[in-house]
2 protein chains.
Amino acid sequence: MRIATWNVNSVRIRQERLLAWLGRHQPDLLCLQELKAVEAEFPWQAVADAGYQAAVVGQKTYNGVAVLTKQPCEVLAKTWTHGDEDPQARLLDVRFGGVRVLSLYVPNGSEVDSDKFVYKRAWLDRLIDHLERTARPDELLALCGDFNIAPTDLDARNPAAWRDSVLCCDAIRGDWQRLLGWGLTDVVRQIHPTERLYSWWDYRNLGFIKNDGLRIDHVLATAPLAALAQTAFVDRDERKGGKPSDHAPVVVDFALPT
Amino acid sequence: MRIATWNVNSVRIRQERLLAWLGRHQPDLLCLQELKAVEAEFPWQAVADAGYQAAVVGQKTYNGVAVLTKQPCEVLAKTWTHGDEDPQARLLDVRFGGVRVLSLYVPNGSEVDSDKFVYKRAWLDRLIDHLERTARPDELLALCGDFNIAPTDLDARNPAAWRDSVLCCDAIRGDWQRLLGWGLTDVVRQIHPTERLYSWWDYRNLGFIKNDGLRIDHVLATAPLAALAQTAFVDRDERKGGKPSDHAPVVVDFALPT
DNA sequence: GTACCTGTTG
DNA sequence: CAACAGGTAC
């Protein structure tokens, strides 16, 4: 079973790229983030024509997540199932082929100590709470998405330049460790323990040309699922050419029947 | 010598189309209107790479005219040479290959009797004054551009619907006749005396699909130049496809050495 | 830099 | 409908 995640930064602008990418890489399940579209704007027909069904949590202008699958999947939740309502569309929780999968768009956080940074950390708290309440570390479960966290200095081309940013600062890396501590493994890092891989390059300042990248898009898996991971890669080519997303897709193959 | 005129409605948005069109039709001289760009935003390099030199009168957001030529041309004026300064970039007066050519963007006029309509008629007065002061009807001279005038009912698909508009009303058609009275011939109409040809279709109300067009882009020539006109056409195909200008190019071939 | 918003113009 | 402005977000 091939599982992938991609922050497409507008599913409408990226529709052609998305369909071409699905055709080339044929994931069994693809998590999308930053749709920047409400459900009515989602390209349902084109995705269906490409052989995928979609579960979508839309929002105007910002956020929005989806899960595309080749076979039907069961939607478990489109928001937190406990506590106050989250006004932002950042979570989609499904079951597919015996695996539970969450498509996640963790808040960026803007500036350290800003209101948005406080919201980011609270959001990660709620994610851990959601797992504690609804999941177990011994089931087959994957968290896929844009975490807006580069876990270590290995995950940044220029660690010093990013050290104090909302993506790399100690506080957020601490939150990352707490999340993993629930019982999750960073699958790409498990497969590639020392390789410098990046999944995001800023549109500004020639980020991609200078390869000033960060690895902030991840597939986290519980131990029994992580043990089935065979291969993993970041499709850096997808950041090239005209009108790319600022993120590249992350792909993992698991030794599971589709 | 092939002379053409095209209101491109933003030279930046239309850059690809412009270069492709130059490649296909190879005019010796092309007048452009509605650049909607200042000189620094003009695609100098791409135009040069396509084998053309450019004379440009830019303006931010609105207006802006240019003349593109395969050989160097002499700029005679970038605004009125007599009277008060015109704050709008609507005129470029050049000499090329023994012919004097003006690239003109006549004001639209908005609504009849509005301030903008008064400005439109005053602008046409100044154009006639400019000719009287600087040109002679017996020289080789062409006025090319978006005149925002459909001279007769033959020049509108739905004359009745447009009769009282700023493009067709009696007052503006009177101004048109005064302009021609200086000593100019409508070359496209000379070549095609009875054909319904249109050069502009509103983006709104399915204007192009319903062919609700007007002929408002023109090539006017003095008698000695008009006598050399061989063929003329409106490139209606250029209004088709993705991201077209609302205007189509108008092309005239003259029996003159290039 | 890219994409979104609202508002204006034609 | 399609371009602009000026704004936000990442």
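The chains referred to below are lettered A, B, ... by the order of the sequence lines, with proteins before strands, and numbering in each begins at 1. Computation of the quantities below employed the complete heavy-atom set of this structure, encompassing side-chain atoms and omitting hydrogens, waters and symmetry-equivalent molecules.
Qualifying salt bridge (charged side-chain N to carboxylate O under 4.0 Å, His left out) partners for Arg17(A), counting only residues two or more places apart in sequence or in other chains: Glu238(A). Partners of Arg121(A) according to the salt bridge (charged side-chain N to carboxylate O under 4.0 Å, His left out) rule, which considers only residues two or more places apart in sequence or in another chain, are Asp175(A). Here Phe147(A) pairs with Trp176(A), His218(A) under the ring pair (Phe, Tyr, Trp, His ring centres under 6.0 Å) rule; sequence neighbours left out. With sequence neighbours excluded, no residue satisfies ring pair (Phe, Tyr, Trp, His ring centres under 6.0 Å) with Phe117(B). For Arg189(B), the salt bridge (charged side-chain N to carboxylate O under 4.0 Å, His left out) partners two or more places apart in sequence, or in a different chain, are Asp155(B). Every residue was checked against the ring pair (Phe, Tyr, Trp, His ring centres under 6.0 Å) condition with Tyr52(A), not counting sequence neighbours, and none meets it. Qualifying salt bridge (charged side-chain N to carboxylate O under 4.0 Å, His left out) partners for Glu41(B), counting only residues two or more places apart in sequence or in other chains: Arg12(B). The side chain to side chain contact (heavy atoms under 4.5 Å, CB included) check on Asp125(B) picks up Arg178(B), with sequence neighbours excluded.
Proximity of residues 196-216 of chain B to DNA chain D (heavy atom under 4.0 angstrom from any strand atom) is restricted to Tyr203(B), Arg204(B). Near DNA chain D, meaning a heavy atom under 4.0 Å away, the residues from residues 102-116 of chain A are Asn108(A), Lys116(A).
Regarding contacts with the backbone of dA3(C), a side-chain N or O of Lys243(A) is found under 4.0 angstrom from either OP1 or OP2. The phosphate of dC4(C) has OP1 or OP2 within less than 4.0 Å of a side-chain N or O from Ser10(A).
Annotation: side-chain hydrogen bond (donor to acceptor under 3.5 Å, both in side chains) contacts involving residues 197-207 of chain B, sequence neighbours excluded, comprise Asn9(B)-Tyr203(B), Arg196(B)-Tyr198(B), Ser199(B)-Asp217(B), Trp200(B)-Asp246(B), Trp201(B)-Asn211(B), Asp202(B)-Arg204(B).
Between chain B and DNA chain D, the heavy-atom contact criterion of under 4.0 Å yields a 5' to 3' nucleotide range of dC1(D) to dG6(D).
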